[in-house]
Asker: 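Please find one structure pasted underneath; my questions will follow.
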Amino acid sequence: MKGWPVRILIVDDEPAMHDSYRRCFARGECAEDGALNAMAAELFGEQAEPRGDVPAFDTVHCLQGLDAVAQVEAAIAAGDPFAVAFIDIRMPPGIDGKETATRIRALDPNVNLVITTGFSDFSPIEISKVAGPADKIFYIAKPFEVAEVVQTATALVHRWAADRELAAAMAQLTEQSVELAANESRALHLATHDSLTEAPNRLAFVKALAEQARGGGMFAAAMVDLDRFKLVNDTLGHLAGDELLRAMCGLLQSSAPAGATVARLGGDEFGILFDTPGEQAAVMACDRIVAACATSFRILGHSVQGSASIGVVVVEGSDARDPVDVMRRADLALNHAKKAGRGVVRSFDETMDDSVRFRRRIEGGLGQAIERGELSLAYQPIVAGDRMEVVGFEALLRWRTAEFGPISPALFIPIAEESNLIHELGDWVLDEALKVLPDWPGQYVSVNFSPRQFRRQNFVGHLMERVQHAGIAPSRVQIEITETAIFDNAERAADTLYKLRQMGFRIALDDFGTGYSSLYNIRKFALDCLKIDKSFIDGMGREKESAAIVQSIVHLGRALGLGVVAEGVETDAQVQALRLAGASHLQGYYFSRPVPAADAKAMAEARFVGGADDLGGDEFAIQAGNGTAG
């Protein structure tokens with residue numbers, strides 16, 4: 001700041017005092033810097049000690065308080081405010097120094113005020129009350145020394161400049177926080193609403209369905225399919241099809257029962273969720289919707305006859321259902337409605353579900369899977385996005401039966417989750433994953449825990465006991481949980497995650513973007529990274545909404561100091577886009593399918609899946625393709 005002219009205001013009714021001030025602030029008059037710095041340290045503390053560089057002072061002199069107030073007002077209007085004002089306390093006639101200081105402070109809360117007096121009718125406390133805060137008001141007794149005035153002005157100027165820099169930084173931080181919150185709001189809206197109709201989308205519908213199921217009352221879930229929609233698309237074009245979807249969505253919203261949730265699930269399929277006193281009432285409500293849909297629409301100058309078929313399932317308050325299973329049953333009922341003809345409503349019954357018997361057989365076999373040796377783990381590498389280094393592996397459960405062959409985890413995990421089998425399976429998965437860690441040169445293993453496991457009594461102690469028994473450092477174990485697991489009971493989850501982090505475990509929030517996390521909630525939990533759901537990665541090249549969501553999640557993670565893992569990476573274009581966006585880690589078939597333990601060990605020892613300078617080249621393809629079986 002040396003050489004920079006800083007504005008100083010002098011207010012005193014004695015012309016001789018102004019001459020004294022002019023001599024004080026003349027350039028080159030200030031010597032004995034060591035003594036002056038020591039004086040400043042005593043006055044303002046160690047942190048406020050001037051740096052020895054005396055600025056150039058631009059002094060403005062006023063003989064009366066009213067003139068000084070006018071100068072301050074003009075300076076603020078011109079964008080060139082005063083840094084320091086020296087004010088004599090006794091200035092007859094006109095307003096005195098106390099009133100002058102009060103009015104100047106009202107105009108400029110940032111200026112430093114120095115009260116100079118030989119005698120005063122007011123105590124410093126009285127002046128501070130009206131012209132404070134106390135840390136911006138100082139006192140010098142007359143007569144004063146040149147060095148005392150110069151050093152005081154120099155120290156306060158530096159402090160004033162530092163305060164302005166801090167205020168500017170805080171304003172910028174506030175602006176960035178507002179922008180981050182707006183981005184979060186936009187990302188949340190994009191993630192939960194259909195871009196064509198602005199209705200809630202499938203993710204929002206599943207969320208509402210889960211909340212309805214937890215509520216305990218009786219409700220109905222209906223699936224709606226537009227009849228002959230493909231014909232409209234094929235004959236009149238996609239623009240007409242889009243217009244029909246918007247019109248039909250509005251009609252469904254107006255004809256659905258009061259308080260219903262109407263969502264576009266995809267294509268020409270909609271979902272409706274509403275309270276009902278029973279199955280007969282639910283069917284009657286759906287009949288009214290079907291009747292309302294049987295009307296003519298004017299679409300791009302063409303008359304189009306509307307029609308819809310509905311499948312509905314009624315859920316009892318005591319009959320807790322998985323949301324996906326409820327939708328599956330409603331979809332089965334919809335298939336029967338479409339087979340029966342257009343404009344028909346069908347209610348679900350057990351005879352429609354051949355899979356119920358299969359489900360029971362699966363549940364019975366799952367209880368014996370460990371004993372029979374039918375379970376195994378596969379490991380998919382997690383790669384650092386900047387250097388293509390394998391830093392960890394996600395452990396994925398596999399089940400192969402003699403009767404049915406391989407069974408998808410998407411089928412048997414929900415079944416296990418609904419019974420106590422999930423705890424037995426979870427313990428087996430953790431123990432098996434811990435066994436392979438000594439064979440890896442430092443990578444961590446990421447293990448998925450279901451909401452029911454996470455809510456287990458003494459989950460932290462149980463986890464720590466098994467890790468200690470295996471002789472593994474907690475820092476080499478990453479716990480993957482979904483938003484459902486932590487937001488069902490946020491306070492308890494926050495306490496559990498804090499304890500896990502204190503013990504050294506890594507925490508990853510899985511399938512991020514498919515739920516309803518808020519910025520506040522994410523900040524409240526002890527997390528290490530966010531895992532972007534595969535569905536958004538798949539849509540990056542096709543949908544601008546998916547790309548926007550991915551970009552927002554990456555920015556959110558970086559702003560909160562969290563890693564961001566992109567799952568389901570399958571193409572070179574996705575790799576390049578994600579690295580450009582700033583994703584810290586990548587995972588997917590592009591690098592490797594889930595592989596057996598032996599292949600995972602070889603990949604761990606090789607460390608790198610390809611050269612960062614030759615991403616996607618032959619060397620990368622050879623190494624990434626190693627051990628794709630399983």
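Fair warning: this is a prediction, and the values are worked out from it, not measured in the lab.
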Asker: For Ala285 versus Pro257, what's the shortest heavy-atom pair and its separation?
Answerer: CB-CG, 3.9 Å

Asker: So, do Glu316 and Glu279 sit near enough that their side-chain heavy atoms are less than 4.5 Å apart?
Answerer: no

Asker: Nearest 0.5 Å, please: how far is CG in Leu586 from CD1 in Ile532?
Answerer: 9.5 Å

Asker: Would you compute the distance between atom CG of Asn201 and atom NZ of Lys207 and round it to the nearest 0.5 angstrom?
Answerer: 13.5 Å

Asker: Indicate yes or no: at least one non-hydrogen side-chain atom of Met503 is less than 4.5 angstrom from one of Gln468.
Answerer: no

Asker: Kindly check if the number of other-residue, nucleotide or ligand heavy atoms within 6.0 Å of CZ (Phe459) is above 12?
Answerer: yes

Asker: So does Ile415 get a backbone contact from the side chain of Glu363, meaning a donor-acceptor N/O pair under 3.5 Å?
Answerer: no

Asker: Give the C-alpha distance, both sets of side-chain angles, the deciding distance and a yes or no for side chain to side chain contact (heavy atoms under 4.5 Å, CB included) between Tyr444 and Arg506.
Answerer: CA-CA 9 Å; Tyr444 64 85; Arg506 306 164 62 98; 3.3 Å; yes

Asker: Could you walk me through whether Leu334 and Lys338 pass side chain to side chain contact (heavy atoms under 4.5 Å, CB included), step by step?
Answerer: CA-CA 6 Å; Leu334 175 60; Lys338 289 193 290 186; 4.2 Å; yes

Asker: Where the side chain of Ser584 meets the backbone of Val564, is there a donor-acceptor pair that is under 3.5 Å apart?
Answerer: yes

Asker: At what distance, to the nearest 0.5 angstrom, does CG of Leu437 lie from NZ of Lys601?
Answerer: 13.0 Å

Asker: Verify side chain to side chain contact (heavy atoms under 4.5 Å, CB included) between Arg476 and Val445, making sure each step is shown before the conclusion.
Answerer: CA-CA 6 Å; Arg476 297 191 66 190; Val445 67; over 6 Å; no

Asker: Are Phe219 and Leu209 close enough that some pair of their side-chain heavy atoms sits under 4.5 Å apart?
Answerer: yes

Asker: Determine whether Pro451 and Ile481 make a side-chain contact, defined as any pair of heavy atoms from C-beta on separated by less than 4.5 Å.
Answerer: no

Asker: Pairing donors with acceptors under 3.5 angstrom, does anything connect the side chains of Gln212 and Asp275?
Answerer: yes

Asker: Could you check whether Glu350 pairs with Arg329 (Lys NZ or Arg NE/NH1/NH2 to Asp/Glu carboxylate O, under 4.0 Å)?
Answerer: yes

Asker: I'd like to know whether CD of Glu605 has more than 12 heavy-atom contacts from other residues, nucleotides or ligands below 6.0 angstrom.
Answerer: yes

Asker: Can you see whether Glu394 engages Ser446 through a side-chain donor-acceptor pair at a distance of less than 3.5 angstrom?
Answerer: no

Asker: Does atom NZ (Lys499) have a neighbourhood of more than 12 heavy atoms from anything else shown, all under 6.0 Å?
Answerer: no

Asker: So Lys531 and Glu567, salt bridge (Lys or Arg N to Asp or Glu O under 4.0 Å) or not? Walk me through it.
Answerer: CA-CA 7 Å; Lys531 299 193 76 173; Glu567 296 185 288; 3.2 Å; yes

Asker: Quick one: does any side-chain atom of Gln443 pair with a main-chain N or O of Val390 as donor and acceptor, under 3.5 Å?
Answerer: yes

Asker: If you take all heavy atoms of Ala526 and Leu497, which pair is closest and at what distance?
Answerer: CB-O, 3.8 Å

Asker: Report yes if the side chains of Arg328 and Asp325 come closer than 4.5 Å at any heavy-atom pair, otherwise no.
Answerer: yes

Asker: Measuring from atom NZ of Lys534 to atom CG of Asp511, what distance do you get when rounded to the nearest 0.5 angstrom?
Answerer: 12.0 Å

Asker: Would you mind reporting whether Val326 and Phe348 have side-chain heavy atoms less than 4.5 Å apart?
Answerer: no

Asker: Out of curiosity, Trp399 CH2 to Leu411 CG, how far, rounded to the nearest 0.5 Å?
Answerer: 8.0 Å

Asker: Can a cation-pi geometry be assigned to Arg202 and Phe205, taking NZ or CZ under 6.0 Å from the six-membered ring centre and within 45° of the ring axis?
Answerer: no

Asker: How far apart are the C-alpha atoms of Glu570 and Arg593, what are their side-chain angles, what is the distance that settles it, and do they pass the salt bridge (Lys or Arg N to Asp or Glu O under 4.0 Å) test?
Answerer: CA-CA 10 Å; Glu570 297 185 356; Arg593 292 176 179 271; over 6 Å; no

Asker: Checking the side chain of Asp510 only, and the main-chain atoms of Thr482 only, is there a donor and an acceptor separated by less than 3.5 Å?
Answerer: no

Asker: Identify the heavy atoms of Ile537 and Ala566 that sit nearest to each other, and give their distance.
Answerer: CD1-CB, 3.9 Å

Asker: I'd like to know if the side chain of Glu465 pairs up with that of His469 as donor and acceptor (distance under 3.5 Å, no hydrogens or angles considered).
Answerer: no

Asker: Name every donor-acceptor pair, under 3.5 Å, that has one atom in a side chain of residues 421-431 and the other anywhere in the protein, sequence neighbours excluded.
Answerer:
from	atom 1	to	atom 2	distance (Å)
Asp427	OD1	Arg456	NH1	3.2
Asp427	OD1	His462	NE2	2.9
Asp431	OD1	Arg466	NE	3.0
Asp431	OD2	Arg466	NE	3.4
Asp431	OD2	Arg466	NH2	2.6

Asker: If you count heavy atoms of other groups shown closer than 6.0 angstrom to CD of Gln368, is the number above 12?
Answerer: yes

Asker: Got Leu580 and Gln576 here, is their nearest side-chain heavy-atom distance under 4.5 Å?
Answerer: no

Asker: Could you report the tightest heavy-atom contact between Ala433 and Val436, atom names first, then the distance?
Answerer: O-CG2, 3.1 Å

Asker: So does Arg455 get a backbone contact from the side chain of Arg492, meaning a donor-acceptor N/O pair under 3.5 Å?
Answerer: yes

Asker: Would you please test Val313 and Met223 for side chain to side chain contact (heavy atoms under 4.5 Å, CB included) and show each step?
Answerer: CA-CA 9 Å; Val313 59; Met223 293 288 201; over 6 Å; no

Asker: Determine whether a donor-acceptor pair (N or O, by modelled atom type, separation under 3.5 Å) exists between the side chain of Gln380 and the backbone of Ser592.
Answerer: yes

Asker: Within the distance-only criterion (no hydrogens, no angle test), does the side chain of Arg452 pair as donor or acceptor with the backbone N or O of Glu417 below 3.5 angstrom?
Answerer: yes

Asker: What's the shortest heavy-atom distance between Pro594 and Leu396, and which atoms?
Answerer: CG-CD1, 3.5 Å

Asker: Quick check: closest heavy atoms across Leu190 and Ala548, and the distance to 0.1 Å?
Answerer: CD1-CB, 3.9 Å

Asker: How many angstroms lie between CG in Leu397 and CZ in Phe412, if you round to the nearest 0.5 Å?
Answerer: 4.0 Å

Asker: Check whether Arg579 reaches the backbone of Gly385 with its side chain - one donor and one acceptor, N or O, closer than 3.5 Å.
Answerer: yes

Asker: Does any non-hydrogen side-chain atom of Pro596 lie less than 4.5 Å from one of Asp599?
Answerer: yes

